[in-house]
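Below: the structure, in structure tokens.
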Amino acid sequence: MSRKIKRIMLINPPRVIYKGRERKRVDFPLGLGYLGAMLKLEGYEVQGLDVLLEGFDQDEELGEEKIRFGLNSSQIRERIDSFAPDVVGVSNLFTDGAPSALSVCDLVKSVDSDIITLIGGFHPSSAPEYCLRKKSVDYIVLGEGEYSTGMLLRKIEKNADLTRFPGVAFRTADGEIIINPPIEPIQGLDILPWPDRELFPVFKYAEIGKPHGDELEQFPYTTIITSRGCTARCVFCAAYHVHGRRFRPRTPDNVLDEMEFLVKKMGFRELHIEDDNLTHQRSRAKMIFQGMIDRKLNISWTGSNGIALYNLDEELLTLMRQSGCYALWLPVESGDPEILKMIKKPMPYKRVSRLVHIMKDLGIKTKGFFMYGFPGETVEQMERTFQFAKMLDLDYSTFFLATPLPGTELWSMALKENPDLAKSDFDVERLKYARSNVMTGGLSLEEMERTRKKVWLKVNWDLEEDEQPPPGM
């Protein structure tokens with residue numbers, strides 16, 4: 001029997017963090033913004049609910065270690081009931097956020113079991129079987145969802161057979177799990193509408209001022225993405241399950257038109273560019289930065305998701321600074337060449353120090369990502385990373401523990417060290433960059449985690465483990 005779908009609610013779910021290890025952050029959810037814009041074009045009535053944003057100051061303690069923040073269950077149910085959607089789509093970007101995202105599907109069904117639930121993001125696309133354990137999840141949208149979601153909804157309306165429909169995973173009436181191949185990544189990204197920034201109270205993100213990259217120079221700010229896909233094959237990255245391994249750029253004019261709209265029409269003064277690889281095509285990147293200058297945007301911007309180092313040089317960095325770049329996160333990862341080779345990280349080890357000096361001379365704040373604790377990594381190799389971070393003398397360095405995410409090569413490597421990762425009762429909320437899940441170098445998980453704080457204090461402020469960092473850090 002067919003059914004008519006008219007009203008869709010898109011939800012950014014609550015988040016669980018570890019006390020003293022992680023900070024509360026919230027940014028405009030670009031993925032939901034793109035999806036909402038496309039669904040509106042297709043004639044659906046769409047409402048957004050960012051549980052994190054609207055309940056940012058609401059904390060619920062979960063035992064001694066964890067805090068859940070965001071609107072509580074009653075508030076989420078009330079919002080769902082008030083809108084009375086036919087479909088609810090839930091974003092689940094990362095593995096550690098899966099329990100929270102799946103709990104929202106439970107809440108949806110507790111309001112009305114006939115509401116269709118969809119879930120999408122990096123984790124569902126990497127581990128659909130995990131998400132479909134929950135009976136409250138009706139469908140998983142695999143990969144990019146701007147086109148496949150609307151197609152799926154039209155199929156559902158007609159009660160069509162989905163067993164060969166690409167880009168979706170689901171459970172049949174008799175309980176069989178069907179995981180179809182993902183659709184091909186979208187080519188020619190200019191055909192997509194810009195994210196619908198009216199879907200959520202967009203200026204409230206700036207009021208809270210807790211972006212994922214930590215940097216803020218001007219207010220208000222918002223996020224933007226100019227390309228999708230990364231050609232690198234880093235063993236720890238799961239993003240390719242959604243965006244693929246091919247670099248797919250928006251044209252410079254399309255990017256600049258959106259930037260100009262955000263600045264001159266909406267009044268934003270700072271942009272956080274969330275690309276995986278903004279400067280992959282040097283000529284395109286230069287056209288964007290020069291265009292920002294020529295159009296007199298006069299904004300601040302930062303690459304809050306990290307920027308690939310192998311394409312940077314003084315010419316490009318100078319243009320970036322002139323266009324408003326004031327800080328860059330540098331994904332250095334390791335100071336040991338053998339580890340860099342093992343994790344397949346394209347990092348110009350011999351040039352990175354020179355690049356940092358250029359950035360500092362230009363007035364670009366330098367912040368570095370470092371990662372340690374890979375399977376087979378020795379204490380000596382970890383120490384090389386710590387010494388390398390100290391030698392670079394960045395404005396700030398942060399240290400992550402190698403975190404095996406489902407669907408990555410690192411996951412397969414880590415299973416040999418920690419088979420418990422594959423157990424059905426493993427707490428996936430442990431899969432955070434502040435927690436250790438793989439014993440390596442003869443160190444226990446607890447020793448790996450203690451090392452993180454010790455090195456963070458030593459590299460950034462030359463403090464000992466029992467000393468306190470500067471306020472706000």
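This structure is a prediction, so every number in the text was calculated from the model and none was measured.
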Ser300-Gln218 side chain donor-acceptor pair, cut-off 3.5 Å: yes
Kindly indicate, with the supporting measurements, whether the criterion side-chain contact (heavy atoms from CB on, under 4.5 Å) is fulfilled by Leu297 and Arg269. CA-CA 9 Å; Leu297 297 187; Arg269 301 302 310 143; over 6 Å; no
Of the non-hydrogen atoms in Leu71 and Ile76, which two are nearest, and what is the gap between them? O-CD1, 3.6 Å
Quick one: does any side-chain atom of Tyr205 pair with a main-chain N or O of Pro211 as donor and acceptor, under 3.5 Å? no
Within 6.0 angstrom of Glu42 CD, more than 12 heavy atoms from elsewhere: yes
Exceeds 12 heavy-atom contacts within 6.0 angstrom, atom NZ of Lys19: yes
Distance check, rounded to the nearest 0.5 Å: Leu35 atom CG versus Leu192 atom CG? 10.5 Å
On a heavy-atom basis, the closest approach of Glu429 and Val16 is OE2-CG2, 3.6 Å
When you measure from the side chain of Asp190 to the backbone N and O of Thr251, does any donor-acceptor pair fall under 3.5 Å? yes
Output the distance between atom CD1 (Ile191) and atom CE (Met38), rounded to the nearest 0.5 Å. 6.5 Å
Is there side-chain contact between Val428 and Pro99, with at least one heavy-atom pair below 4.5 Å? yes
Kindly state each residue pair satisfying ring-ring contact (aromatic ring centres under 6.0 Å, His included) with at least one member in residues 251-290, sequence neighbours excluded. Trp194-Phe261, Phe203-Phe268, Tyr221-His272, Phe247-His280, Phe289-Trp301
Take Lys423 and Asp420 through the test salt bridge (Lys or Arg N to Asp or Glu O under 4.0 Å) and record every step on the way to the result. CA-CA 5 Å; Lys423 290 183 178 179; Asp420 287 349; 3.0 Å; yes
Is it the case that the side chain of Thr403 and the backbone of Leu401 share a donor-acceptor pair, with hydrogens and angles ignored and the cut-off at 3.5 Å? yes
Give a yes or no on whether Lys264 atom NZ has more than 12 heavy-atom contacts from other residues, nucleotides or ligands under 6.0 Å away. yes
Of Glu270, Glu217, Lys365, the one forming a side chain to side chain donor-acceptor pair (under 3.5 Å) with Tyr326 is Glu270
Is there a donor-acceptor pair closer than 3.5 Å between any side-chain N or O of Arg7 and the backbone N or O of Phe83? yes
Check whether any side-chain heavy atom of Leu10 sits under 4.5 Å from a side-chain heavy atom of Ser91, and report yes or no. no
Tell me, yes or no, whether the heavy-atom count around Met287 atom CE, taken from other residues, nucleotides or ligands under 6.0 Å, exceeds 12. no
Partners of His243 by ring-ring contact (aromatic ring centres under 6.0 Å, His included), sequence neighbours excluded? Phe122
Test item: Asn180 side-chain N/O and Phe165 main-chain N/O as donor-acceptor pair under 3.5 Å: yes
I'd like to know if the side chain of Arg171 reaches the main chain of Lys134, judged simply by a donor and an acceptor atom lying under 3.5 Å from each other, with no hydrogens or angles considered. yes
Kindly state each residue pair satisfying side chain to side chain donor-acceptor pair (under 3.5 Å) with at least one member in residues 120-130, sequence neighbours excluded. Thr95-His123
Under the 3.5 angstrom rule, does the side chain of Asp138 hit a backbone N or O of Thr117 as a donor-acceptor pair? yes
What closest approach, in Å, do Ser148 and Ile183 show between heavy atoms, and which atom pair accounts for it? CB-CD1, 3.8 Å
Taking every heavy atom of Gly303 against every heavy atom of Leu328, the minimum-distance pair comes out as N-CD2, 3.8 Å
Does the Glu22 side chain pair with the main chain of Tyr18, one donor and one acceptor, at a distance under 3.5 Å? yes
Look at atom NZ of Lys453 and say whether more than 12 heavy atoms of other residues, nucleotides or ligands are closer to it than 6.0 Å. no
Nearest-0.5 Å distance that lies between atom CD1 in Ile225 and atom CG in Asp276: 6.5 Å
Between the side chains of Glu274 and Ser304, is a donor N or O closer than 3.5 angstrom to an acceptor N or O? yes
How about Glu54 and Gln75: does a side-chain donor come under 3.5 Å of a side-chain acceptor? no
Pairs meeting criterion ring-ring contact (aromatic ring centres under 6.0 Å, His included) with involvement of residues 52-71, two or more places apart: Phe56-Phe69
Could you tell me whether the side chain of Ile115 reaches within less than 4.5 Å of the side chain of Lys109, counting heavy atoms only? no
Is there a donor in the side chain of Arg284 and an acceptor in the side chain of Thr226, or the other way round, less than 3.5 Å apart? yes
Check the pair Asp59, Lys24 against salt bridge (Lys or Arg N to Asp or Glu O under 4.0 Å), reporting the backbone distance first and the verdict last. CA-CA 10 Å; Asp59 294 348; Lys24 292 165 64 174; 2.9 Å; yes
Shortest non-hydrogen contact between Tyr310 and Pro346, atoms and distance: CD2-O, 3.3 Å
Can you list every pair that meets salt bridge (charged side-chain N to carboxylate O under 4.0 Å, His left out) and has a residue in residues 220-248, with sequence neighbours left out? Glu144-Arg228, Glu144-Arg248, Glu146-Arg228
What are the two closest non-hydrogen atoms of Ser436 and Met448, and how far apart are they? OG-CB, 3.6 Å
Which distance, rounded to the nearest 0.5 Å, do you find between the CG of Leu152 and the CD1 of Ile140? 11.5 Å
Sidechain-backbone polar pair: Asp425 side chain, Asp427 backbone, donor-acceptor under 3.5 Å: no
Look at the side chain of Asn437 and the backbone N and O of Pro404, then say whether any donor-acceptor pair between them is shorter than 3.5 Å. no
May I ask you to check whether Phe400 and Phe369 place their ring centres under 6.0 Å from each other? yes
Would you check if Ser227 and Asn277 make a side-chain contact, meaning some heavy-atom pair closer than 4.5 Å? no
Does any donor atom in the side chain of Asp214 or Tyr396 lie under 3.5 Å from an acceptor atom in the other side chain? no
If the condition is ring-ring contact (aromatic ring centres under 6.0 Å, His included), which residues does Phe374 pass it with, not counting sequence neighbours? none
Any donor-acceptor N or O pair under 3.5 Å, side chains Thr163, Asp161: yes
Roughly how far, to the nearest 0.5 Å, is the CG atom of Asn311 from the OG1 atom of Thr279? 5.0 Å
Can you tell me how far the CG atom of Leu49 sits from the CD1 atom of Ile80, to the nearest 0.5 Å? 7.5 Å
Can you check whether Leu32 reaches Tyr34 side chain to side chain, under 4.5 Å on heavy atoms? no
